[in-house]
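Here's the structure, in structure tokens; my notes come after.
So you know, we letter chains A, B, ... as the sequences are listed, proteins then strands, and number each from 1. Excluded from the calculations below are hydrogen atoms, water molecules and symmetry mates; all remaining heavy atoms, backbone and side chain alike, are included.
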There are 2 protein chains.
Amino acid sequence: MERMPKKQRHQQLARLIEENPFLTDRELTRLLKVSIQTIRLDRLELAIPELRERLKLMAERSYDPVRSLPLHEVIGDILDLQLDKSGISMFEIRDEHVFSRSGIARGHHVFAQANSLAVAVINDEIALTASADIRFIRPARLGEKCIAKAYVRSSGVQKGKAKVEVFTYVGDEMVFQGNFVIYRSAGAADVEGAGEA
Amino acid sequence: MERMPKKQRHQQLARLIEENPFLTDRELTRLLKVSIQTIRLDRLELAIPELRERLKLMAERSYDPVRSLPLHEVIGDILDLQLDKSGISMFEIRDEHVFSRSGIARGHHVFAQANSLAVAVINDEIALTASADIRFIRPARLGEKCIAKAYVRSSGVQKGKAKVEVFTYVGDEMVFQGNFVIYRSAGAADVEGAGEA
DNA sequence: GTCGGATTGGCACCAGGTATCAGTATGAAC
DNA sequence: GTTCATACTGATACCTGGTGCCAATCCGAC
């Protein structure tokens with residue numbers, strides 16, 4: 001019965017739980033061929049919480065009020081929002097957003113940030129993108145933080161169409177620019193902060 | 001001791017748990033002023049799972065790879081692809097793509113399908129969206145299958161810029177139309193400062 | 001040999017339940 | 001009044017997936 005060094009087992013344990021946080025200690029016992037006590041000592045040393053705590057943390061993250069508000073479907077984190085005026089959001093380019101070959105962000109992610117923000121900034125029950133004219137000025141790359149700034153150029157409360165301009169920067173370099181036309185459900189412009197996102 | 005009608009309590013219970021799924025039966029006892037047994041009978045009748053199951057479900061939802069990597073590689077399934085000529089993809093609008101209030105797809109998902117296809121149809125190592133001019137013609141709704149058709153109007157192998165037109169249909173209704181300009185690596189050694197996808 | 005860390009076993013205990021049975025309260029039907 | 005159904009409460013046994021603690025064992029280094 002050859003035993004794996006403790007360090008290596010710790011690495012494996014951490015990897016297994018990261019891959020599948022739903023594993024119980026008993027299942028880990030089976031996978032790592034050590035007793036359940038050892039698994040628990042290991043979790044203790046590695047400060048990995050028990051299954052239920054892990055699930056609770058995941059549930060809390062996904063239930064995060066900031067995320068679950070109408071803003072929860074917004075791509076990027078809203079940093080500032082002045083309804084019918086302007087808004088700012090931040091979006092970090094991660095592995096899953098880039099072409100693996102080049103490390104360059106896929107355009108639709110950068111677009112999604114801008115589009116989300118353009119819709120979020122409109123203070124209305126229902127706001128839908130009608131059309132957009134967009135330019136990708138330079139590639140955004142893995143790890144870069146994209147700051148999108150949206151300005152409502154014409155709120156069009158009567159006409160039912162708003163014009164929103166969005167500029168996205170990495171540092172002081174502009175990476176994206178877009179002109180959006182947003183349909184808004186004419187009417188409840190400033191009743192409740194009802195902009196959907 | 002006036003008692004609340006059972007029906008009303010059921011409504012309250014459902015509302016409380018929806019508002020805060022982290023409530024234990026004991027806490028509900030306090031809020032609804034009935035015994036813990038009654039709470040449990042009520043949950044049974046309303047088919048509301050216990051706290052741990054609720055948290056597990058929430059964790060699973062947020063862990064769902066489809067959800068956690070919503071815009072990963074190509075969006076939609078490629079049905080047909082003739083490089084440098086045309087392509088077709090299908091994308092089904094699911095819960096996670098729509099505004100929860102209206103059931104209407106968020107624009108950037110529809111855009112993502114078209115953008116992915118426009119990039120995929122270009123027969124080159126690296127292809128990045130440079131700019132796009134897009135129109136959302138009618139909303140796409142939950143459950144609808146969007147068929148995007150891309151046509152390469154000018155492959156621009158020498159110039160390093162291709163023009164791709166994409167039309168997206170639900171049934172025979174057009175929901176989206178876009179003109180994309182795609183940078184391609186052949187002939188365009190300088191990808192930097194070019195554009196992205 | 002002995003020492004010490006690593007590992008294991010065993011037991012008590014906990015939260016947050018399920019499942020089941022028995023007892024009480026209340027109001028309507030006869 | 002009695003009877004009956006429904007609603008509610010109490011109590012107990014049991015379950016999972018743990019924590020906390022103590023003691024025993026293994027195993028290599030010295």
Can you measure Leu44(A) atom CG to dT7(C) atom P for me and round it to whole angstrom units? 14 Å
Heavy-atom closest pair (Leu55(A) atom, Ala59(B) atom, distance to 0.1 Å) is O-CB, 3.8 Å
Indicate for each nucleotide in nucleotides 10-15 of chain D, in 5' to 3' sequence, whether protein heavy atoms under 4.0 Å reach the base (B), only the sugar-phosphate (S), or nothing (-). BB----
Of all pairs that satisfy ring pair (Phe, Tyr, Trp, His ring centres under 6.0 Å), the ones with a partner from residues 19-45 of chain A, not counting sequence neighbours: Phe22(A)-Tyr63(B)
How do Thr38(B) and Arg26(A) order along DNA chain D: which one's closest nucleotide is nearer the 5' end? Thr38(B)
Starting at CZ of Phe22(A) and ending at C1' of dT16(D), how long is that distance when rounded to a whole Å? 17 Å
Residues from residues 8-15 of chain B lying under 4.0 Å of DNA chain C - heavy atoms: none
Which whole-number value in Å describes the distance from Lys56(A) NZ to dT16(D) C1'? 17 Å
Would you say the side-chain atoms of Arg153(A) pair up with the backbone N or O of Asn179(A), donor to acceptor, closer than 3.5 Å? no
Specify the closest pair of heavy atoms between Val175(A) and Val170(A), including all atoms of both residues, with the distance to one decimal. CG1-CG2, 3.7 Å
Of the options dT9(D), dG17(C), dG18(D), whose atoms approach the side-chain atoms of Glu50(B) most closely? dG17(C)
Integer-rounded Å distance: dT18(C) P and Ile39(B) CD1: 12 Å
List the atom of Val166(B), the atom of Ala114(B), and the distance in Å for their closest heavy-atom pair. CG1-CB, 3.7 Å
Spacing of Asp25(A) atom CG relative to dT19(D) atom P, expressed in whole Å: 6 Å
Can you tell me which residue among Arg9(A), Lys6(A), Gln12(A) is in a side-chain hydrogen bond (donor to acceptor under 3.5 Å, both in side chains) with Asp42(A)? Arg9(A)
Please report, rounded to the nearest Å, how far the C1' atom of dG16(C) is from the CG atom of Leu55(A). 14 Å
Which one, dC8(D), dT7(C), dG18(D), comes nearest to the side chain of Lys6(B)? dC8(D)
Using five pairs at either end of the helix from dG1(C)-dC30(D) to dC30(C)-dG1(D), determine the angle between the two local helix axes and round it to 10 degrees. 20°
Got a sec, which pairs hit salt bridge (Lys or Arg N to Asp or Glu O under 4.0 Å) with one end in residues 107-116 of chain A, sequence neighbours left out? none
Could you tell me which residues satisfy ring-ring contact (aromatic ring centres under 6.0 Å, His included) with Phe111(B), sequence neighbours excluded, listed by chain and number? Phe111(A), Phe180(B)
Could you state the atom-to-atom distance from CG of Leu41(B) to C1' of dC21(C) in whole Å? 13 Å
Using a 3.5 Å distance criterion without hydrogens, assess whether the side chain of Thr168(A) forms a donor-acceptor pair with backbone atoms of Cys146(A). no
Arg135(B) side chain to Gln177(B) main-chain N or O, any donor-acceptor pair under 3.5 Å? no
Does this structure show an ion pair linking Arg138(B) with Glu144(B), if we count only N-O contacts that are shorter than 4.0 Å? yes
What integer distance in Å separates Arg43(A):CZ from dT19(D):C1'? 9 Å
Ile78(B)-Leu83(B) co-clustered via ILVMFWY side chain contacts under 4.5 Å: yes
dG16(C), OP1 or OP2 - any side-chain N/O from Arg40(B) closer than 4.0 Å? no
